[in-house]
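Each ligand, and each atom within it, is numbered from 1 in the order the structure gives. A quick note: this is a predicted structure, and the numbers were derived from the prediction, not measured. Excluded from the calculations below are hydrogen atoms, water molecules and symmetry mates; all remaining heavy atoms, backbone and side chain alike, are included.
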Amino acid sequence: MRILLLTHSFNNLSQRLYAELAAAGHEVSVEFDINDAVSIEAVRLWRPELIIAPFLKRAIPEQIWRKHVCLIVHPGIPGDRGPSALDWAILDGEQSWGVTVLQAEQQLDAGPVWAWCGFPMRLARKSSLYRHEVTDAAVSAALEAVDKFKTHTYTPLPSSGCGANRLGQARARMRQADRRIDWQHDDTETVLRKLYAGDGDPGVADRLLDMNVRLFDARPEFALRGTPGDLIARSEEAVCRATRDGAVWIGRLKAVIPGKHSLKLPATRVLQKNRLALEALPEVHGPAADYTDGIRYEEHGNCGYLYFDFYNGAMSTAQCQRLLEAYRRARQRPTKVVVLMGGEDFWCNGMNLTNIEAAASPAEESWHNINAMDDLCRAIITTDDHLTVAAMGGNAAAGGVFLALAADRIYARHGTVFNPHYKNMGNLYGSEYWTYLLPRRVGDDGVPRIMNHRLPLLAKQAMGIGLIDECLAGDNRQFLADIESLVKELAADDVFQPLLEAKRKRLAADAVLRPLQTYRDEELRHMRLNFYGFDPSYHVARYKFVYRVPHAWTPLHLARHRQLKKLPVSRSQPALHAVVAE
Ligand code: COA
């Protein structure tokens with residue numbers, strides 16, 4: 001079928017749905033919901049049999065839904081309506097929730113139901129639930145709806161008759177007043193629910209050290225206690241605040257400054273404005289600081305598991321350095337396999353573009369960050385006393401994908417989405433030894449296909465082209481169990497010794513053919529131009545990305561309908577015409 005995805009942005013859910021529909025043989029094109037005229041034009045050009053809206057922030061124009069079946073993916077159970085569905089589900093402590101695929105009609109989220117899929121809730125950030133449970137349920141419900149639509153005989157049902165064991169209701173947009181934390185009276189679980197319901201957007205408005213801020217990236221603290229509402233400790237990036245019956249760490253803050261857009265940055269960095277008060281807080285060092293930063297090491301038998309759950313999967317220079325230290329410590333253990341677990345939501349998204357944007361010299365910070373990433377990659381590539389595994393339960397993009405390729409084995413959960421390219425970030429050349437690692441996996445011919453293909457890949461597709469070794473079915477819990485048994489197999493003496501020997505030989509042979517450093521030097525020669533050269537594309541793309549500048553058009557590699565025909569020149573849409581002519 002010809003399907004149009006009409007979406008606010010190409011977010012993870014839209015990417016996954018796009019890739020799943022394409023893998024199922026459908027012809028899919030994407031249009032960003034920029035304004036009514038653009039959406040109407042996209043429908044006219046693509047002439048879709050079906051329109052799916054995986055992530056919209058406004059209503060579909062009546063002119064479209066009156067003539068075409070438009071399926072809306074709503075992150076709520078049947079009957080639930082409103083723009084804060086998941087926020088309310090977290091705050092209300094729902095034990096189970098769901099995703100409904102309904103048909104667009106006059107009243108928002110009130111159309112008949114084509115399919116829905118439920119899931120048990122976790123006490124987790126909204127963004128984490130969205131990237132796992134909601135995305136899995138949305139894909140399954142959307143594919144079911146597409147199959148029903150294909151029959152041409154199915155009639156969607158009102159929510160009251162769609163078989164759901166309970167119905168949701170219309171809820172208003174959640175306001176900051178609903179999210180407000182009462183530090184004197186709220187218990188730790190309530191505080192966490194409020195913080196989780198607002199993460200990644202819009203955060204919880206509060207005051208810290210005399211600054212108006214939005215709070216993000218909360219984790220529970222298990223030992224420290226203090227007067228409710230007081231800041232009681234700091235670590236590398238986070239500050240710890242006491243609740244009525246415990247304490248929470250807050251890792252990211254956005255300063256609220258009237259008339260100014262702020263970035264979400266490490267809490268200790270934002271609070272530098274009140275340096276004396278910040279420095280008066282007791283500092284937590286060692287593994288506790290790692291915990292607040294997301295680095296964690298566990299051992300099961302003779303295998304070490306290194307977690308690096310960095311906020312949004314982005315790795316700053318300091319985080320790369322701390323992770324490298326943790327990796328070196330892991331290598332010193334009398335184990336056989338080191339498993340790189342990444343983070344829960346993202347395995348890794350490469351260098352930290354927000355930190356770079358906030359630096360005094362973004363070019364200089366980009367340079368430090370990419371070198372720190374490269375140091376980490378080199379340590380993994382050259383490990384000759386352990387086998388290494390990348391266990392990818394979360395998505396990975398750009399440098400994060402190539403960091404995974406540094407490992408000997410790569411296993412991914414079936415829902416993991418890969419964006420193994422750098423070009424979307426202002427034609428960045430990329431480093432992380434990709435020129436060494438990628439041909440090793442996909443051959444010389446495969447390299448341009450991957451680097452020039454700017455679209456997401458499903459784990460099964462990544463396995464099909466040899467980018468990864470295995471795609472594992474099942475949910476997160478099953479994935480962890482499967483990883484443990486696969487890793488155990490690798491650590492068995494009769495498997496481990498021959499594999500380690502073969503790896504040592506390969507590393508030695510590769511080094512004779514071409515020293516590893518020369519790959520890095522050549523990549524960094526290009527990156528230097530990206531960072532310091534005359535072409536500002538990378539800096540512009542990064543600025544737009546971290547400040548979430550709304551899209552002015554849909555990139556041509558997504559909007560297939562705009563690749564087909566040239567539009568007549570329209571004075572009302574000069575930007576659009578420019579894109580088509582491109
Ligand atoms: N640095 C800093 N922040 C990053 C990041 C990075 N490398 N990658 C993702 N993020 C942040 C986004 O800014 C966003 O922040 P928010 O919490 O304020 O919303 C959050 O992570 C989620 O990103 P989003 O794009 O909304 O998620 P997604 O799942 O829809 O898309 C990606 C995921 C990875 C495809 C997309 O974020 C991306 O292209 N990231 C950039 C990758 C990159 O170019 N890395 C640098 C080159 S090595």
Side-chain angles (χ1 to χ4, degrees), residues 7-19 32 54-55 125-128 130-132 134-135 198-203 214-217 251-254 261-266 310-317 319-320 342-343 345-359 362 365-367 369-374 376-377 394-404 415-434 451 454-457 523-524 527 530-531 537-539 541-549 551 555 558:
T7 184
H8 173 74
S9 70
F10 203 42
N11 71 343
N12 73 304
L13 169 50
S14 323
Q15 292 185 13
R16 170 96 181 273
L17 196 55
Y18 172 94
F32 291 162
F55 170 46
R125 287 181 204 148
K126 176 174 60 175
S127 51
S128 178
Y130 190 80
R131 292 201 171 93
H132 291 284
V134 170
T135 297
D199 208 339
D201 187 61
R214 296 266 170 122
L215 314 177
F216 302 90
D217 188 19
R252 290 287 179 284
L253 296 177
K254 211 184 238 193
H261 288 299
S262 305
L263 291 170
K264 220 185 258 181
L265 289 167
F310 298 137
Y311 193 66
N312 284 334
M315 303 216 313
S316 68
T317 307
Q319 284 168 323
C320 291
D345 298 341
F346 292 109
W347 194 82
C348 175
N349 282 333
M351 54 187 191
N352 190 322
L353 300 168
T354 314
N355 261 32
I356 290 172
E357 186 63 37
E365 184 51 34
S366 303
W367 184 252
N369 204 157
I370 198 65
N371 272 290
M373 285 288 296
D374 282 355
L376 178 62
C377 287
N395 298 349
V401 178
F402 299 101
L403 174 67
T416 299
V417 175
F418 292 79
N419 275 284
H421 42 77
Y422 299 90
K423 281 199 165 176
N424 287 350
M425 197 51 64
N427 268 328
L428 205 60
Y429 186 80
S431 190
E432 288 96 4
Y433 296 87
W434 73 263
M451 295 310 267
R454 298 161 82 147
L455 293 168
L457 280 179
E523 290 164 8
L524 290 181
M527 288 294 256
N530 288 137
F531 300 156
S537 303
Y538 156 69
H539 298 290
R542 188 194 61 240
Y543 174 88
K544 288 186 173 170
F545 176 77
V546 299
Y547 281 106
R548 317 306 272 171
V549 175
H551 299 284
L558 297 177

Colleague: Quick check: does any side chain N or O of K126 sit under 3.5 Å from a backbone N or O of D201, one acting as donor and the other as acceptor?
Modeller: yes

Colleague: What is the nearest protein non-hydrogen atom to atom 1 (N) of ligand 1, stated with its residue, atom name and distance?
Modeller: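 Nearest neighbour among protein heavy atoms for atom 1 (N) of ligand 1, to 0.1 Å: L353 N, 2.9 Å.
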
Colleague: Tell me whether N424 reaches ligand 1 (any heavy atom closer than 4.0 angstrom to a ligand atom).
Modeller: no

Colleague: Which is closest to atom 7 (N) of ligand 1 by heavy-atom distance: K254, M351, R125?
Modeller: M351

Colleague: Looking at M373, is its backbone amide N or carbonyl O close enough to the side chain of E432 to form a donor-acceptor pair, meaning the two atoms are under 3.5 Å apart?
Modeller: no

Colleague: We want to know whether Q319 and N355 form a side-chain donor-acceptor pair, criterion being a heavy-atom distance below 3.5 angstrom.
Modeller: no

Colleague: Atom 30 (O) of ligand 1: which protein heavy atom is closest, and how many Å away?
Modeller: N12 N, 2.9 Å

Colleague: Are any of the N/O atoms in N11 less than 3.5 Å from those in ligand 1?
Modeller: no

Colleague: So does M315 get a backbone contact from the side chain of N369, meaning a donor-acceptor N/O pair under 3.5 Å?
Modeller: yes

Colleague: Return the minimal non-hydrogen interatomic distance between W347 and A396, and the atom names on each side.
Modeller: CB-CB, 4.3 Å

Colleague: Below 4.0 Å from ligand 1: does a non-hydrogen atom of N352 turn up there or not?
Modeller: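 Right, N352 reaches ligand 1.
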
Colleague: Using a 4.0 Å heavy-atom cut-off, say whether M373 meets ligand 1 through its side chain, its backbone, both or neither.
Modeller: neither

Colleague: Among Y422, F346, F545, which one puts a heavy atom closest to atom 5 (C) of ligand 1?
Modeller: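 Checking each option, the heavy atom nearest atom 5 (C) of ligand 1 is found in F545.
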
Colleague: Could you list the atoms of ligand 1 found under 4.0 angstrom from a heavy atom of A397?
Modeller: 34 (C)

Colleague: Is the closest side-chain heavy-atom distance between L215 and L253 below 4.5 Å?
Modeller: yes

Colleague: Which option, L13, N312, N395, T354, owns the non-hydrogen atom nearest atom 15 (O) of ligand 1?
Modeller: N312

Colleague: Counting the benzene-type ring for Trp, do Y311 and F216 have ring centres under 6.0 Å apart?
Modeller: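 No, the ring of Y311 stays outside the 6.0 Å limit from the ring of F216, centre to centre.
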
Colleague: Under a 4.0 angstrom heavy-atom cut-off, which atoms of ligand 1 come close to M425?
Modeller: 41 (C), 44 (O)

Colleague: Would N349 count as being in polar contact with ligand 1, using the rule that some N or O on each side must be under 3.5 angstrom apart?
Modeller: yes

Colleague: My understanding is that we take every heavy atom of each candidate and find the minimum distance to atom 47 (C) of ligand 1. Doing that for A396, A398, G313, which one comes out nearest?
Modeller: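 Considering heavy atoms of A396, A398, G313, the nearest to atom 47 (C) of ligand 1 sits in A398.
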
Colleague: One residue to check: N419. Relative to ligand 1, which of side chain, backbone, both or neither has a non-hydrogen atom less than 4.0 Å away?
Modeller: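 It is the side chain that gets close, since no backbone atom is under 4.0 Å.
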
Colleague: Salt-bridged, R125 to D217, with N to O below 4.0 Å?
Modeller: yes

Colleague: Identify, by atom number and element, the atoms of ligand 1 in contact range of Q15, meaning under 4.0 Å from any of its heavy atoms.
Modeller: 35 (C)

Colleague: Among all the protein's non-hydrogen atoms, which is closest to atom 24 (P) of ligand 1, and how far away is it?
Modeller: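 Looking at atom 24 (P) of ligand 1, the protein heavy atom closest to it is R548 NH2, 3.5 Å.
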
Colleague: With atoms numbered from 1 as shown, which atoms in ligand 1 lie under 4.0 angstrom from a non-hydrogen atom of G399?
Modeller: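 What qualifies from ligand 1 is 48 (S).
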
Colleague: Ignoring hydrogens and angles, state whether a donor on the side chain of D345 or S128 is under 3.5 Å from an acceptor on the partner side chain.
Modeller: yes

Colleague: For residues S431 and D374, is any side-chain donor paired with an opposing acceptor at under 3.5 Å?
Modeller: yes

Colleague: Can you tell which part of L428 has a heavy atom less than 4.0 Å from ligand 1: side chain, backbone, both or neither?
Modeller: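 The answer is the side chain.
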
Colleague: Y538 vs F531 aromatic rings, parallel, tilted or perpendicular, using cut-offs 30° and 60°?
Modeller: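 Ring orientation, 0 to 90° scale: tilted.
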
Colleague: Please confirm whether K264 comes within less than 3.5 Å of ligand 1 when only nitrogen or oxygen atoms on both sides are compared.
Modeller: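 Indeed, backbone or side chain, K264 has an N or O that close.
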
Colleague: Within a distance under 4.0 Å of any heavy atom of R131, pick out the atoms of ligand 1 and give their elements.
Modeller: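 With R131 as reference, the close atoms of ligand 1 come out as 22 (C), 27 (O), 29 (O).
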
Colleague: Ring-plane angle category for W434 and Y422, please: parallel below 30°, perpendicular beyond 60°, tilted otherwise.
Modeller: tilted

